[in-house]
Asker: 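Questions regarding the structure given below will be posed in turn.
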Amino acid sequence: MKKTVLAVVVALAAVVVALWMRQGDYSRTEYMLNTVITITANNKTAVDKCFDEIERIENLLSAYLPHSDIWAINSSERGQAVKVNSETVELLERAAYYKEATYGAFDISTKPVSDLWNISGGGNVPEEDELSKALNCIGDVVIDKADSTVTLPKDGMAIDLGGIAKGYAADRVTETLKSHGVKSAIADLGGNISVIGKNGNRSWKIGLQHPEKARGNTFGYVEAEDECVVTSGGYERCFERDGKIYHHIIDPSTGKNPENGVRSVTVIAKDGTMADALSTALYVMGKDKGIETAETLGVKAIFYTDDGVFFTDGVNMVLTKEQTE
Ligand code: AMP
Ligand code: MG
């Protein structure tokens, strides 16, 4: 992201956060994990520690930072076991679980396909034969927990935790805040919102970005306490080519954006890692299968689709007036 754009985004985030702030609150905003992160709580030491923790996680899990575990895995000879941190092994195991639980909709090995689309580099529409070659690289990561090693068994295979790492970081943030005795806080990791306790004597109100409107416009809000509210949106990282919008969420069965009318999916769960993996997966699965899967896995989900807004049982959301008309 260009520096001036980045400065504007960070400044806007600070303005939005100012609306949440209460007396005694300390709020800090940084650009990390490829997104704007803001953490607000009434304990400066705790908030600063959270950013140290995010930096540690980024250095461990980013596919784009040399010396990270994921970098080491992706740079290894295929079929060769790579020794990694036990934390990396555990998160990769969780990613494998969400792949299975979502019938392959969540798949960290879509990286070769995402690379072809080159969203962060301005966008590229790949040829069908390039796509089918990249699709052949999708596979299961081999994990040896006892040895703390990971192997990519297929030629051309590569992994990226972009669909789950922010949720994992959000969980470590709330853990860090709680270990410092924080009883009320909000952390926004680029669309992954985690809250601790209440905002004063009320639940936190979390606005949901309207997929077709400028940033800051919402289509409704949910109330949350000690929960994560995670949104995956096709409007987030995208590019336009010949009048068509292409975005960053890939259906691993086609190598393309899902064509199911979904514009955004919000998942509400106690566990941020789960909410992050599932928001990406449910987007791919579409409304009907997605709602069924969310209910089976015990999370709440909201689908903004071309046909309206739909949600699982148990969602208590307030829609803006125009959405209810
Ligand atoms: P999110 O914003 O959490 O929905 O994650 C989207 C990011 O996850 C993309 O920028 C890719 O890096 C990666 N990704 C895209 N499609 C998938 C998928 N089907 N499963 C897992 N990760 C994906
Ligand atoms: Mg995700």
Side-chain angles (χ1 to χ4, degrees), residues 1-2 5 34-35 61-66 68 70-80 92 95-96 98-100 102-142 150-166 190-191 211-212 232-265 276-277 279-287 289-290 305-306:
M1 203 186 286
K2 285 204 182 102
V5 178
N34 208 17
T35 194
L61 302 176
S62 169
Y64 304 95
L65 290 181
S68 78
I70 304 304
W71 179 282
I73 294 166
N74 286 339
S75 323
S76 67
E77 205 177 301
R78 299 300 173 264
Q80 187 78 47
L92 290 175
Y98 293 121
K99 175 172 177 169
E100 201 181 312
T102 62
Y103 311 96
F106 182 78
D107 194 325
I108 58 170
S109 74
T110 48
K111 186 174 189 297
V113 178
S114 297
D115 285 350
L116 279 180
W117 288 97
N118 192 19
I119 303 281
S120 40
N124 165 59
V125 180
E127 301 293 336
E128 289 295 332
D129 62 328
E130 290 178 299
L131 260 188
S132 58
K133 266 190 212 144
L135 277 171
N136 278 332
C137 302
I138 290 183
D140 290 326
V141 178
V142 178
V150 175
T151 309
L152 301 184
K154 288 175 109 177
D155 276 349
M157 195 174 168
I159 56 171
D160 179 3
L161 297 179
I164 193 170
K166 280 186 280 172
E212 287 142 316
S232 285
Y235 52 87
E236 270 170 18
R237 292 173 206 268
C238 50
F239 70 95
E240 196 231 297
R241 199 61 35 96
D242 299 327
K244 203 170 169 204
I245 304 286
Y246 298 94
H247 61 78
H248 68 144
I249 300 169
I250 303 291
D251 179 343
S253 67
T254 63
K256 298 177 182 172
N257 291 150
E259 302 253 3
N260 54 22
V262 173
R263 298 296 190 92
S264 78
V265 176
D276 193 3
S279 67
T280 311
L282 301 187
Y283 193 111
V284 172
M285 296 177 97
K287 185 210 13 140
K289 213 167 161 211
T305 77
D306 290 341

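Note that the numbering runs from 1 along the sequence shown for the chain. Remember, predicted model here, so these are calculated numbers, not experimental data.
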Asker: Can you tell me how far apart CD1 (I159) and CD1 (I73) are? Round to the nearest 0.5 Å.
Answerer: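 So the gap between those two atoms works out to 4.5 Å.
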
Asker: Would you say the side-chain atoms of S264 pair up with the backbone N or O of P211, donor to acceptor, closer than 3.5 Å?
Answerer: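 Looks like no, no N/O pair under 3.5 Å.
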
Asker: At their closest point, which heavy atom of P258 faces which heavy atom of H247, and how far apart are they?
Answerer: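 In terms of heavy atoms, the two residues are closest at CD-CE1, 4.2 Å.
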
Asker: Would you check if the side chain of K287 reaches a backbone N or O of V262 as a donor-acceptor pair within less than 3.5 Å?
Answerer: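 Not confirmed, K287 side chain does not pair with V262 backbone.
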
Asker: So for atom OH, which belongs to Y64, do other residues, nucleotides or ligands contribute more than 12 heavy atoms lying within a distance under 6.0 Å?
Answerer: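 Enclosed.
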
Asker: State whether the side chain of N118 and the backbone N or O of N124 hold a donor-acceptor pair below 3.5 Å, judged by distance alone.
Answerer: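 Between the backbone of N124 and the side chain of N118 there is no qualifying donor-acceptor contact (under 3.5 Å).
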
Asker: Say whether, by atom type as modelled, one donor and one acceptor occur between the side chain of N260 and the main chain of Y283 under 3.5 angstrom.
Answerer: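 Yes, because the side chain of N260 sits within donor-acceptor range (under 3.5 Å) of the backbone of Y283.
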
Asker: Taking the side chain as C-beta and beyond, is there a heavy-atom pair between I249 and E236 under 4.5 Å?
Answerer: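 The answer is no, as the side chains (C-beta and beyond) never meet within the 4.5 Å cut-off.
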
Asker: Angle between ring planes, Y246 versus F239, binned at 30° and 60°: parallel, tilted or perpendicular?
Answerer: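 Rings of Y246 and F239: parallel, as their planes differ by under 30°.
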
Asker: Are any of the side-chain heavy atoms of D242 and V125 separated by less than 4.5 Å?
Answerer: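 Side-chain contact under 4.5 Å: no.
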
Asker: Search all heavy atoms of G190 against all heavy atoms of T35 and return the closest pair with its distance.
Answerer: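 Distance-wise, the nearest heavy atoms are CA-OG1, 3.2 Å.
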
Asker: Mind checking the CD1-NZ spacing from I164 to K99? Nearest 0.5 Å is all I need.
Answerer: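 Nearest 0.5 Å value for the CD1-NZ distance: 13.0 Å.
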
Asker: Is it true that atom CD of E127 has more than 12 heavy atoms of other residues, nucleotides or ligands lying nearer than 6.0 Å?
Answerer: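 No, not enclosed.
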
Asker: With rounding to the nearest 0.5 angstrom, report the OG to CZ distance, S120 to R237.
Answerer: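 Interatomic distance, S120 OG to R237 CZ, rounded to 0.5 Å: 8.0 Å.
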
Asker: Do I138 and K154 come close enough that some side-chain heavy atom pair is under 4.5 Å?
Answerer: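 In short, these two side chains do not touch, never coming nearer than 4.5 Å.
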
Asker: Decide side chain to side chain contact (heavy atoms under 4.5 Å, CB included) for L65 and I70; before the verdict, give the C-alpha distance in whole Å, the side-chain angles of both, and the deciding distance to 0.1 Å.
Answerer: CA-CA 9 Å; L65 290 181; I70 304 304; over 6 Å; no

Asker: Count the heavy atoms belonging to other residues, nucleotides or ligands that lie under 6.0 Å from NZ of K133, then report whether that count exceeds 12.
Answerer: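 No, the 6.0 Å shell around NZ holds no more than 12 heavy atoms from other groups.
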
Asker: Give, for atom CG of D107 and atom OG of S253, the distance between the pair rounded to the nearest 0.5 Å.
Answerer: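 So the gap between those two atoms works out to 10.5 Å.
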
Asker: Decide side chain to side chain contact (heavy atoms under 4.5 Å, CB included) for N34 and K166; before the verdict, give the C-alpha distance in whole Å, the side-chain angles of both, and the deciding distance to 0.1 Å.
Answerer: CA-CA 9 Å; N34 208 17; K166 280 186 280 172; over 6 Å; no

Asker: Examine distances only and state if a side-chain atom of D155 and a backbone atom of C137 form a donor-acceptor pair shorter than 3.5 Å.
Answerer: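 Answer holds: no.
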
Asker: Can you give me the closest heavy-atom contact between C238 and I245, atom names plus distance?
Answerer: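 For C238 and I245, the tightest heavy-atom pair comes out as CB-CG2, 3.9 Å.
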
Asker: I need the minimum non-hydrogen distance between P112 and G156, along with the two atoms involved.
Answerer: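 Answer, listing the atom of P112 first, then G156: CG-O, 3.4 Å.
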
Asker: Enter the distance from I250:CD1 to N257:CG here, rounded to the nearest 0.5 Å.
Answerer: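 Here the interatomic distance stands at 5.5 Å.
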
Asker: Between S232 and V265, is there a donor-acceptor pair closer than 3.5 Å when you use the side chain of the first and the backbone of the second?
Answerer: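 Looks like no, no N/O pair under 3.5 Å.
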
Asker: Where do L116 and E130 come nearest, in terms of heavy atoms and distance?
Answerer: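 Here L116 and E130 meet closest at CD1-O, 3.5 Å.
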
Asker: Do P126 and W117 come within less than 4.5 Å of each other through their side chains, counting heavy atoms only?
Answerer: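 Counting from C-beta outward, P126 and W117 do come under 4.5 Å.
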
Asker: Side-chain contact, heavy-atom cut-off 4.5 Å: R78 with L152?
Answerer: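 A side-chain contact under 4.5 Å exists here.
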
Asker: Strictly distance-based, threshold 3.5 Å: is any side-chain N or O of S68 a donor or acceptor partner for the main-chain N or O of W71?
Answerer: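 Looks like yes, one N/O pair under 3.5 Å.
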
Asker: Looking at CZ of R263 and OG1 of T305, how far apart are the two atoms once the value is rounded to the nearest 0.5 Å?
Answerer: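 Between atom CZ of R263 and atom OG1 of T305 there are 9.0 Å.
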
Asker: Do the side chains of D160 and D115 get nearer than 4.5 Å, heavy atoms only?
Answerer: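 SC-SC contact between D115 and D160 ruled out.
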
Asker: Taking all non-hydrogen atoms of both residues into account, name the closest pair between T280 and G163 and its distance.
Answerer: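 That would be OG1-O, 3.5 Å.
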
Asker: Do E259 and T254 have side chains that approach each other closer than 4.5 Å (heavy atoms only, starting at C-beta)?
Answerer: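 No, every pair of side-chain atoms sits at 4.5 Å or beyond.
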
Asker: Going by heavy atoms in the side chains, are V284 and T102 under 4.5 Å from each other?
Answerer: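 Not in contact.
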
Asker: Before accepting this row, confirm whether a basic side-chain N of the pair K256/E128 lies closer than 4.0 Å to the acidic partner's carboxylate O.
Answerer: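 Counted as a salt bridge, because a side-chain N and a carboxylate O are separated by less than 4.0 Å.
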
